[in-house]
Q: 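One structure, pasted below without further comment.
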2 protein chains.
Amino acid sequence: MAQKKTHCDCLNTVKPVRDALDVISGKWKLPIIISVGVGNDRFTDIQESIPGITPKVLAKELKDLEQHKLLKRIVVGDYPVKIQYTLEPYADTLTPIIYSLKDWGVNHRKVVTER
Amino acid sequence: MAQKKTHCDCLNTVKPVRDALDVISGKWKLPIIISVGVGNDRFTDIQESIPGITPKVLAKELKDLEQHKLLKRIVVGDYPVKIQYTLEPYADTLTPIIYSLKDWGVNHRKVVTER
DNA sequence: TATAGCACTTTCTCAAAGGAAAGTGAAATT
DNA sequence: AATTTCACTTTCCTTTGAGAAAGTGCTATA
């Protein structure tokens with residue numbers, strides 16, 4: 001059997017995996033998804049629910065998540081215009097992945113810290 | 001029902017998820033795991049199998065992956081000393097996660113690019 | 001004796017990410 | 001008339017990460 005192949009088709013794995021990781025990794029992505037999912041739908045509410053996040057970063061991340069179709073930015077009313085953020089149903093497709101990452105992470109902490 | 005809770009226990013999710021992501025995200029982690037998994041066990045072989053990686057980065061990533069118990073660095077022989085890298089069986093526990101990330105990523109590309 | 005190979009390390013540099021702080025424009029409130 | 005709120009944007013600055021290139025200490029080989 002061929003040892004040391006150039007693992008061509010593995011690149012077909014690495015690319016989509018990286019796509020997926022780009023969406024959920026990063027310091028703020030998950031906290032934002034959770035915050036919106038839990039009911040915070042206004043910019044300032046989301047900001048205040050996540051200690052340490054700056055408006056600049058929040059604005060950028062919200063745009064990102066919107067582009068990835070994970071949440072919607074809705075303009076409500078005429079004057080005063082209000083903005084409302086809500087999770088798209090599509091965001092739920094992340095749930096099983098997040099929970100398997102969580103389970104792995106919980107176990108991993110044990111693995112790494114055991115002597 | 002309580003809206004806008006401070007989602008306390010969600011932090012218990014975010015932390016281990018971040019732990020897990022730290023292990024597999026990054027530009028080189030997965031390519032290295034795959035390269036070693038496929039049979040490249042020498043530093044230079046691994047380096048040559050991954051286009052663009054520099055020895056500095058490879059050395060750092062290998063140390064990382066070793067600390068996370070995903071691979072082993074074995075010193076072989078007396079003189080000439082050879083170093084051999086192999087995946088730990090523990091690395092297999094990542095497989096289902098990687099494949100679910102891949103599946104999600106493949107689908108996500110469709111979701112984002114459809115008009 | 002000189003060169004090549006192995007497994008890295010060191011130094012320098014640069015770009016991108018991220019935080020702090022202030023500003024903005026419109027409307028609502030006091 | 002002045003302040004506050006909302007949803008951001010802008011500017012400045014620092015930190016971090018990564019690449020390029022060269023070096024290192026050892027051995028093996030020609």
Side-chain angles (χ1 to χ4, degrees), chain A residues 3-4 14-15 18-19 21-33 35-36 38-68 70-87, chain B residues 3-4 14 18-19 21-33 35-68 70-87:
Chain A
Q3 282 255 65
K4 285 192 190 181
V14 172
K15 261 198 73 162
R18 182 119 55 227
D19 287 346
L21 288 176
D22 286 345
V23 175
I24 54 170
S25 66
K27 195 170 172 184
W28 305 111
K29 299 267 168 60
L30 245 60
I32 292 169
I33 291 173
S35 176
V36 176
V38 120
N40 295 308
D41 56 357
R42 313 293 306 279
F43 190 91
T44 19
D45 288 346
I46 301 167
Q47 192 188 332
E48 282 163 11
S49 75
I50 302 172
I53 199 167
T54 61
K56 174 183 146 186
V57 172
L58 179 56
K60 194 205 131 242
E61 299 284 353
L62 285 171
K63 273 176 203 156
D64 259 41
L65 293 170
E66 203 194 339
Q67 282 192 348
H68 284 295
L70 292 173
L71 53 81
K72 250 199 165 84
R73 182 186 186 272
I74 310 166
V75 181
V76 180
D78 304 302
Y79 310 97
V81 180
K82 298 272 169 184
I83 310 290
Q84 191 188 2
Y85 291 97
T86 51
L87 285 194
Chain B
Q3 282 255 64
K4 286 191 188 179
V14 172
R18 183 117 56 227
D19 286 347
L21 289 175
D22 285 345
V23 175
I24 56 171
S25 65
K27 194 170 172 185
W28 304 112
K29 299 268 167 61
L30 244 61
I32 293 169
I33 291 173
S35 177
V36 176
V38 120
N40 295 309
D41 56 357
R42 313 294 305 279
F43 190 91
T44 17
D45 288 346
I46 301 167
Q47 193 188 332
E48 283 164 10
S49 75
I50 303 172
I53 200 169
T54 61
K56 173 182 145 187
V57 172
L58 179 56
K60 193 206 131 241
E61 299 283 353
L62 285 172
K63 273 177 203 157
D64 259 38
L65 293 170
E66 203 194 339
Q67 282 190 347
H68 284 295
L70 292 173
L71 51 80
K72 251 201 164 85
R73 182 185 186 271
I74 310 166
V75 181
V76 181
D78 304 301
Y79 310 98
V81 180
K82 299 273 171 185
I83 310 290
Q84 191 188 2
Y85 292 97
T86 52
L87 284 194

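In what follows, every chain begins at residue 1, and chains take the letters A, B, ... in the order their sequences are listed.
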Q: Minimum heavy-atom separation for B:D45 and B:N40, please, with both atom names.
A: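 Shortest heavy-atom contact: CB-OD1, 4.1 Å.
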Q: Tell me which nucleotide among C:dT9, D:dA28, D:dT9 gets nearest to the side chain of B:P80.
A: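 Of C:dT9, D:dA28, D:dT9, D:dA28 is nearest to the side chain of B:P80.
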Q: Are the side chain of B:S35 and the backbone N or O of B:P31 linked by a donor-acceptor pair below 3.5 Å?
A: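 Such a contact is absent between B:S35 side chain and B:P31 backbone.
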Q: Does any N or O in the side chain of A:R18 come within less than 3.5 Å of the main-chain N or O of B:K27, such that one atom is a donor and the other an acceptor?
A: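 Present.
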Q: To the side chain of B:K82, which of D:dA7, C:dC6, C:dT10 is closest?
A: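 Between D:dA7, C:dC6, C:dT10, the one nearest the side chain of B:K82 would be C:dC6.
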Q: Can you find a side chain N or O atom of B:Y85 that sits less than 4.0 Å from OP1 or OP2 on C:dC6?
A: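 Answer is no, no contact under 4.0 Å.
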Q: Does a side-chain N or O of B:K60 approach OP1 or OP2 of D:dG17 to a distance below 4.0 Å, or not?
A: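 Indeed not, no polar side-chain atom of B:K60 lies that close.
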Q: Out of C:dG19, D:dA7, C:dC8, which has the shortest distance to the side chain of A:R42?
A: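 Within the option list, the nearest is D:dA7.
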Q: How close or far is atom P of D:dA18 from atom CH2 of B:W28, stated in whole angstroms?
A: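 For the pair B:W28 CH2 and D:dA18 P, the rounded distance is 10 Å.
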Q: I want to verify a distance call: between C:dT11, D:dC8, C:dC6, whose nearest atom is closest to the A:A59 side chain?
A: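 From the listed options, D:dC8 comes nearest.
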Q: Measure the distance from CD on A:E48 to C1' on D:dC8 and round it to the nearest whole Å.
A: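 From A:E48 CD to D:dC8 C1': 14 Å.
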Q: What is the separation between atom CD on B:Q84 and atom C1' on C:dC8, rounded to the nearest whole Å?
A: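 Those two atoms, CD and C1', are 17 Å apart.
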Q: In whole angstrom, what separates B:N40's CG from C:dC6's P?
A: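 Atom-to-atom, B:N40 to C:dC6, this comes out as 13 Å.
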Q: When the distance from CD of A:E61 to P of D:dT9 is rounded to whole Å, what number comes out?
A: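 Checked: the CD to P distance equals 13 Å.
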Q: Taking the minimum atom-to-atom distance to the side chain of B:K56, which one of C:dC8, C:dG19, C:dT10 wins?
A: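 Selected nucleotide (nearest to the side chain): C:dT10.
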Q: Looking at every heavy atom in both B:I46 and B:L58, which two are closest together, and how far apart are they?
A: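 Where B:I46 meets B:L58 most closely, the heavy atoms are CG2-CD1, 3.9 Å.
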Q: Rounded off to whole Å, could you give me the NZ-to-P distance for the B:K29 and D:dG17 pair?
A: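 From B:K29 NZ to D:dG17 P: 10 Å.
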Q: Write down the distance between CG (A:L62) and P (D:dA7), rounded to a whole number of angstrom.
A: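 Checked: the CG to P distance equals 11 Å.
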Q: What integer distance in Å separates A:F43:CZ from D:dT5:C1'?
A: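 Roughly 13 Å, once rounded to whole Å.
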Q: Report the distance from atom CD1 of A:I74 to atom CD1 of A:I83, rounding to the nearest 0.5 Å.
A: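 Those atoms lie 10.0 Å apart.
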Q: So does B:T54 get a side-chain nitrogen or oxygen closer than 4.0 Å to the phosphate oxygens (OP1/OP2) of D:dA20?
A: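 No, because none of the side-chain N or O atoms of B:T54 sits under 4.0 Å from OP1 or OP2 of D:dA20.
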Q: Let me spell it out: for each of A:V81 and A:I53, pick the nucleotide of DNA chain C with the closest heavy atom. Which residue's pick is nearer the 5' end?
A: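 Its nearest nucleotide being more 5', the pick is A:I53.
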